[in-house]
Amino acid sequence: MKKDQASKKPRVFSGVQPSHDLHIGNYIGALRNWALKQHLSDNIFCVVDLHALTLPEDIKPEVLRENSRKVAALYYACGLDIETNIVFIQSHLHEHAEAAWILNCTTPLGWLQRMTQFKAKSEQAASIGMGLLDYPVLQAADILLYDTDEVPVGEDQRQHIELTRDIAIRFNNLFGETFVLPKAVIPEEGAKVMGLDEPEAKMSKSVARNRPGHAINLLDNEKTIKKAIMSAVTDSEKETRFEHASAGVINLLTMYRALTHESRDAIEARFEGKGYGFLKKELLGAVLETLKPIQSKFNEIMADRDGLERLLAKNADAAREIAAKTLSKMKEATGLG
Ligand code: TYM
């Protein structure tokens with residue numbers, strides 16, 4: 001389906017779960033890229049609190065409510081312009097849950113059972129709810145409600161965006177052209193930042209909660225960040241070439257490259273033969289330089305709570321205007337309403 005012809009810019013939509021603290025992987029894999037390219041597109045960024053309920057034992061109600069505000073503030077603090085981006089909280093709109101229900105009815109169960117994130121999370125949890133299996137359908141609803149062209153995300157979301165396309169194609173085939181088909185936009189560098197203490201596994205919010213030294217959180221203080229970087233797993237060599245280094249060293253080099261935008265060649269030349277202590281010190285400098293302005297902007301936004309609430313309410317209205325139109329097309333097409 002063609003998007004509204006009046007808008008020439010592609011529509012971008014993405015989101016983060018407000019579960020636990022955001023880390024440098026979320027920044028490098030997603031948030032930073034949203035800000036870097038914001039002027040090229042028409043943008044909607046959502047704090048997906050309904051998704052954060054899928055592992056409810058993990059997060060207390062008052063913490064979830066507060067985290068949602070913090071994540072919205074971080075979106076802006078990481079560089080999104082307040083005037084030109086719609087930033088809103090998912091549960092402020094009923095349209096997402098309603099659209100997800102309709103899509104549930106056209107999505108084969110087998111498609112959801114195949115999702116690698118579902119398999120991994122369900123293996124770790126003592127007991128799981130239906131929401132965890134249904135998670136990618138709600139994600140598809142988020143994306144499809146806004147006629148989204150591009151979804152900027154980290155590597156771990158690739159499968160969910162492919163599923164979203166499949167869900168859209170199936171719905172269009174069954175009920176007529178309704179949805180724009182979105183595509184994932186995944187950065188070349190830093191699409192999968194690994195754990196500092198376990199460079200074979202992805203840096204993860206839920207792991208970081210129980211394991212100090214696993215991640216660099218965006219709101220961590222200098223001392224904590226220094227400790228995490230200095231104790232990051234490396235090896236007993238001195239190899240700092242991207243192609244030959246061990247997983248831990250590649251992770252440090254990749255983070256450094258993503259934050260400084262220096263070329264691979266320049267980075268390899270700078271660190272050759274210098275030892276990992278030097279690489280870690282330089283990375284620490286780059287991380288602190290990146291996070292300092294983010295933290296001060298975050299504190300400024302959070303200090304004006306009423307202002308933030310007003311902004312989120314205004315943005316929820318703007319998002320609703322778009323989402324309601326798509327939902328009504330979905331209802332019309334399926335014979336509801
Ligand atoms: P979430 O909250 O797990 O992650 C938010 C974003 O950060 C990226 N990311 C990473 N990138 C690089 N290295 C890492 N270690 C790393 N960890 C996370 C993720 O790829 C993501 O872009 N299902 C989504 C939330 C969601 C969504 C949506 C996203 C719900 N609806 C609609 C896009 C569009 C999620 O759990 O992200």
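Being a predicted model, the structure only gives us computed values, none of them experimental. Whatever order the structure lists them in is the order used to number ligands and atoms, beginning at 1.
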For atom 20 (O) of ligand 1, grab the closest protein heavy atom and report residue, atom and distance to one decimal in Å. D156 OD1, 2.4 Å

What protein heavy atom is closest to atom 2 (O) of ligand 1, reported as residue, atom name and distance in Å? K205 NZ, 2.6 Å

Quick check, are the ring centers of H160 and F118 under 6.0 angstrom apart? no

Considering residues, nucleotides and ligands other than E332, do more than 12 of their heavy atoms fall under 6.0 Å from its CD? no

Applying a 4.0 Å heavy-atom criterion (strictly less than), which segment of V153 is in contact with ligand 1: side chain, backbone, both, or neither? both

If you measure from each non-hydrogen atom of C46 to ligand 1, which part falls under 4.0 Å: side chain, backbone, both or neither? neither

Which part of V16 is near ligand 1, with near meaning a heavy atom under 4.0 Å away: side chain, backbone, both or neither? both

Check whether any side-chain N or O of Q38 sits under 3.5 Å from a backbone N or O of G79 as a donor-acceptor pair, and report yes or no. yes

Under a 4.0 Å N-O cut-off, is there an ion pair linking E309 with R69? yes

So which heavy atom in the protein is nearest atom 27 (C) of ligand 1, and how far is it from that ligand atom? Q139 NE2, 3.5 Å

Atom CD of Q117: over 12 foreign heavy atoms under 6.0 Å: yes

With sequence neighbours excluded, residues passing ring-ring contact (aromatic ring centres under 6.0 Å, His included) with H51: Y135

For atom CZ of R305, decide whether the heavy atoms of other residues, nucleotides or ligands shown that lie under 6.0 angstrom number more than 12. yes

Atoms of ligand 1 less than 4.0 Å from G190 heavy atoms? 12 (C)

For V151, atoms of ligand 1 separated by under 4.0 Å from a heavy atom: 33 (C), 34 (C)

How far is atom 36 (O) of ligand 1 from its nearest protein heavy atom, and which residue and atom is that? Y135 OH, 2.6 Å

Within ligand 1, which atoms have a heavy atom of I143 less than 4.0 Å away? 32 (C), 34 (C)

Under 4.0 Å from any heavy atom of G29, which atoms of ligand 1 are there? 11 (N), 12 (C)

Taking only heavy atoms of S14, which atoms of ligand 1 are found under 4.0 Å from at least one of them? 33 (C), 34 (C)

For F45, which of W34, Y146, Y76, F88 qualifies under ring pair (Phe, Tyr, Trp, His ring centres under 6.0 Å)? W34

Report yes if some N/O of Q157 lies less than 3.5 Å from some N/O of ligand 1; otherwise report no. yes

Which atoms of ligand 1 are found less than 4.0 Å from any heavy atom of A30? 6 (C), 7 (O), 22 (O)

Can you report which non-hydrogen protein atom sits closest to atom 13 (N) of ligand 1, along with the distance? V193 N, 2.8 Å

Pair H20-S206, side chain to side chain contact (heavy atoms under 4.5 Å, CB included): steps then yes or no: CA-CA 7 Å; H20 321 305; S206 53; 4.1 Å; yes

Does some non-hydrogen atom of Q90 fall short of 4.0 Å from ligand 1? no

Going by the atom numbers of ligand 1, which of them fall below 4.0 Å from some non-hydrogen atom of K192? 12 (C), 13 (N)

Could you see which bit of M194 sits under 4.0 Å from ligand 1, with heavy atoms only: side chain, backbone, both or neither? neither

Is it true that atom NZ of K292 has more than 12 heavy atoms of other residues, nucleotides or ligands lying nearer than 6.0 Å? no

Would you mind checking which non-hydrogen protein atom is closest to atom 9 (N) of ligand 1, with the distance to 0.1 Å? N26 ND2, 3.6 Å

Report the nearest protein non-hydrogen atom to atom 10 (C) of ligand 1: residue, atom name, distance rounded to 0.1 Å. G25 O, 3.5 Å

Within the 4.0 Å heavy-atom shell around Q17, which atoms of ligand 1 are there? 2 (O), 36 (O)

Tell me the protein heavy atom at minimum distance from atom 31 (N) of ligand 1, and give that distance in Å. D142 OD2, 2.7 Å

